[in-house]
Amino acid sequence: MADARNSLAISLFSELFMADQLARNKLSKALPKGMELSHFTLLNHLYQLSEPRTPAQLAKSFALTRGALSNTLSKLEWAGHIHVSPDWDDARRKQVVISPSGRRARDAALDSIAPMILGIIDRVGSDRVRDMVPVLRALRSQLSED
């Protein structure tokens with residue numbers, strides 16, 4: 001029984017890792033010139049939020065160190081895609097929000113990758129993908145707790 005569970009676990013993570021690598025490669029190639037996948041994922045995350053986030057909160061969301069995230073934040077701020085401002089409640093912290101330019105950049109990136117993603121969904125099948133999303137969300141939730 002343990003061998004079957006081990007085999008299942010190995011198969012699951014092998015598929016996840018390969019799918020992740022292939023998806024990252026395809027998405028990176030489909031993004032607009034100059035936009036990196038890390039830029040898009042951060043802009044997309046900020047796009048969905050209604051409140052500012054600190055760099056520490058963003059780093060935690062992506063399971064990164066603040067140092068690893070700071071380069072992406074700097075590039076996005078330089079491009080005008082995010083606003084980084086002091087936290088008026090705690091001067092030691094900063095707050096990050098997406099700018100109108102960042103919203104447009106995120107939308108343009110989404111427009112450029114949508115045909116590729118929709119093509120994959122069409123080939124796999126909408127019903128199968130719809131069934132996978134809750135499972136992947138549960139996996140993500142379990143992994144984020146550890």
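- Note on Val97: it does not cluster hydrophobically with Val84, by side-chain heavy-atom contacts below 4.5 Å among ILVMFWY residues.
- Side-chain N or O atoms of Ser70 include one that pairs as donor or acceptor with a backbone N or O of Gly67 at under 3.5 Å.
- Linking Ile, Leu, Val, Met, Phe, Trp and Tyr whenever their side-chain heavy atoms come within less than 4.5 Å puts Leu49 and Ile98 in one cluster.
- Between Arg103 and Asp107 there is no salt bridge, since none of the side-chain N atoms of the basic residue sits less than 4.0 Å from a carboxylate O of the acidic one.
- Listed for the Thr72 side chain is no donor-acceptor partner under 3.5 Å among the backbone atoms of His39.
- No path of Ile, Leu, Val, Met, Phe, Trp and Tyr side chains, each step under 4.5 Å between heavy atoms, connects Leu16 with Leu22, placing them in separate hydrophobic clusters.
- Proximity of a side-chain donor or acceptor of Arg123 to a complementary backbone N or O of Gly119 within less than 3.5 Å is detected.
- Around the CD atom of Gln48, the shell of radius 6.0 Å holds more than 12 heavy atoms that belong to other residues, nucleotides or ligands.
- The backbone N or O of Gln57 lies less than 3.5 Å from a partner atom in the side chain of Ser61, making a donor-acceptor pair.
- Using a distance-only test at 3.5 Å, with no hydrogens or angles considered, no donor-acceptor pair links the side chain of Ser141 to the main chain of Arg137.
- Note on Arg130 versus Asp127: salt bridge recorded, some NZ/NE/NH1/NH2 to OD/OE distance being below 4.0 Å.
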Given Glu36 and Lys75, is the side-chain contact (heavy atoms from CB on, under 4.5 Å) satisfied, shown in steps?
CA-CA 10 Å; Glu36 297 174 21; Lys75 288 180 180 180; 3.4 Å; yes
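- Looking at Thr54, its side chain never comes within 3.5 Å of a backbone N or O of Gln95 through a donor-acceptor pair.
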